[in-house]
Protein chains: 2
Amino acid sequence: MTQTKTRKIKTTRLKVRPIRKNSISDDIVQQIISLISSGDLKAGQRLPSERDLCVKFAASRTSLREALRCLSIMGVLTARAGEGTSVAMDGVKFMETVLQWRMSTELHDIEDLMEVRIALEGIAAASAAENGKEADLKRLQDLVAKMEVSVNDAKRFAALDLDFHLSLAKASNNKLIHDLITVIRGQLERGVAKVLQLPKAMPLSVEEHKAILQAVFARQPEEARAAMQAHLNTATLRYRAAKNKLHSPEESSHLKAAGKS
Amino acid sequence: MTQTKTRKIKTTRLKVRPIRKNSISDDIVQQIISLISSGDLKAGQRLPSERDLCVKFAASRTSLREALRCLSIMGVLTARAGEGTSVAMDGVKFMETVLQWRMSTELHDIEDLMEVRIALEGIAAASAAENGKEADLKRLQDLVAKMEVSVNDAKRFAALDLDFHLSLAKASNNKLIHDLITVIRGQLERGVAKVLQLPKAMPLSVEEHKAILQAVFARQPEEARAAMQAHLNTATLRYRAAKNKLHSPEESSHLKAAGKS
DNA sequence: ATTGTCATATTGTCATACCAATGTCAAGAT
DNA sequence: ATCTTGACATTGGTATGACAATATGACAAT
């Protein structure tokens with residue numbers, strides 16, 4: 001069969017473009033996104049009923065529903081039977097599901113996440129020191145004070161820690177950074193809980209947060225960045241220690257409660 | 001006046017949770033994500049036909065399709081008539097649609113994007129200098145060489161520039177950073193084109209890329225980071241200039257306001 | 001004033017049918 | 001032998017109708 005030679009290339013090279021039919025659902029999704037983008041659909045606003053939208057889009061209810069359902073699952077829309085469909089109020093759920101998917105379908109190393117997180121939270125700290133409003137800074141102060149008296153309650157401490165970092169990200173006044181930090185932190189939640197189990201972890205963490213807070217209050221962007229990045233670097237080291245020290249063999253997803261035999 | 005007094009609050013505060021019925025499509029989506037996450041479904045692998053999946057999930061084809069369609073639109077699956085449905089090979093499309101949606105439904109300032117980009121590409125340059133493989137570095141060198149002889153072809157230059165930055169991000173060996181840079185860069189594409197219209201923009205850009213390249217080849221992470229961030233900072237300044245000089249008023253549509261949310 | 005009931009509108013689910021695109025493979029043409 | 005062609009089966013894409021489940025408001029009953 002080696003004589004299946006190449007001389008058979010007499011097929012003329014026509015300059016045509018492949019025809020591509022975008023699916024109807026795809027099209028509808030894009031249109032709705034555009035409507036939201038242009039402001040014709042505002043957050044919380046209700047959409048016409050599915051049957052009405054069918055005729056507006058000149059599509060079947062099947063195709064329309066595939067589009068609406070997709071947007072609902074992603075958190076862009078909220079739909080409930082009897083009530084109708086409306087634009088979601090908070091776009092955060094969207095990013096949450098998204099990163100959850102991303103993290104699930106494509107493995108990202110914890111170290112990769114931390115590398116990005118260190119950079120972003122560094123920016124956030126610097127920006128907060130530079131531009132943060134007094135109210136935001138006050139809130140950070142309160143949170144650190146609460147952390148200081150919660151060093152014996154790991155669960156509460158973790159919640160306060162999360163609140164601190166997100167509040168600081170918000171104070172940076174860069175919404176993209178706030179979004180990214182939120183979703184990345186969500187992926188690291190388990191790791192955070194582990195780190196806090198280490199002895200002295202919480203008191204040390206309080207001191208580090210105090211250092212960040214001080215730099216932010218002093219309106220020293222670079223110091224704030226350095227303090228934040230130092231905090232997260234040691235947190236990364238503590239995570240590695242926790243990972244190796246504590247039941248190291250398996251670290252993966254879920255503990256399979258083997259039950260008390 | 002207000003005799004609708006408050007004493008009527010004897011309604012006991014019960015700790016109950018609202019009833020929530022997850023839709024079938026939602027459930028199927030979660031299950032498929034889990035299958036991909038657990039490795040039971042690998043990238044490129046084909047799923048059973050829709051009609052088969054119907055019986056496996058014990059759901060109607062409508063519900064099943066709403067789930068599959070959602071995953072297809074988001075880029076997690078790829079489906080074509082006659083061929084079947086399979087797990088997408090390239091997860092980048094997913095992040096692209098995601099950020100596109102996010103950018104559309106929630107306004108992000110160009111400056112916010114650049115701030116994040118500067119940090120991430122700084123990391124990428126440093127990591128590439130530290131860990132980049134020789135082949136990756138060689139590719140960067142080739143790209144800069146091509147850029148140097150393309151200073152009169154803005155379109156080609158822009159493509160080479162994009163290639164350079166993404167290749168460097170890839171060389172950093174941090175997939176999350178590569179993803180984020182890719183999508184952020186996608187949002188900035190128009191801005192990049194504008195900047196290159198400025199006089200001397202391309203020759204200057206070449207020099208800056210050479211500086212980055214040199215630092216990376218010298219295996220000097222901090223120098224590489226500094227060179228990259230200097231490059232992007234001047235690019236930002238050039239963008240502002242281009243925005244103000246050229247027909248400015250229209251189209252940016254992002255005005256930064258202290259968003260409270 | 002609270003509760004029960006009903007009508008109505010809307011989303012959620014299902015079953016069925018048909019269309020369009022793709023792959024398979026055998027029959028026929030060269 | 002090799003290539004083309006066409007029929008056929010498989011599969012995703014679309015459309016339609018029907019019914020269930022849920023939320024809302026009006027209204028009667030207690």
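Residue numbers start from 1 in every chain, and the chains themselves are labelled A, B, ... in the order their sequence lines are given, proteins ahead of strands.
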Separation of D:dT10 atom P from B:E50 atom CD, nearest Å, is 16 Å
Evaluation steps, salt bridge (charged side-chain N to carboxylate O under 4.0 Å, His left out), between A:R156 and A:D161: CA-CA 9 Å; A:R156 176 169 170 76; A:D161 178 84; over 6 Å; no
Using a heavy-atom distance cut-off of less than 4.0 Å, which residues of residues 53-66 of chain A contact DNA chain C? A:R61, A:R65
Once you round to the nearest 0.5 Å, how far does CD1 of A:I33 lie from OG of A:S38? 11.0 Å
No-H, no-angle donor-acceptor pair, B:R51 side chain to D:dG12 base, under 3.5 Å: yes
Hey, what do you get for OG (A:S172) to CD1 (A:I123), rounding to the nearest 0.5 Å? 8.5 Å
Between D:dT11, C:dG12, D:dG13, which one does the side chain of B:S23 approach most closely? C:dG12
Polar pairs (N or O, both sides) under 3.5 Å between protein and nucleotides 20-25 of chain C?
from	atom 1	to	atom 2	distance (Å)
C:dT22	O4'	B:A81	O	3.3

A:T182 side chain to A:H178 backbone, donor-acceptor under 3.5 Å: yes
Rounded to the nearest angstrom, tell me the gap between atom CG in B:L77 and atom C1' in D:dG13. 16 Å
Just how far is it from atom CG of B:L196 to atom NZ of B:K155, taken to the nearest 0.5 Å? 13.5 Å
Between B:K146 and B:D153 (salt bridge meaning N to carboxylate O under 4.0 Å), is one present in this structure? no
Can you tell me which stems DNA chain D forms when a stem means 3 or more consecutive Watson-Crick or G-U pairs under 3.5 Å? C:1-30 with D:1-30
Working to the nearest 0.5 angstrom, can you tell me the gap between B:L180 CG and A:I184 CD1? 6.5 Å
Taking any heavy-atom pair under 4.0 Å as a contact, classify B:L68: base, sugar-phosphate, or nothing. nothing
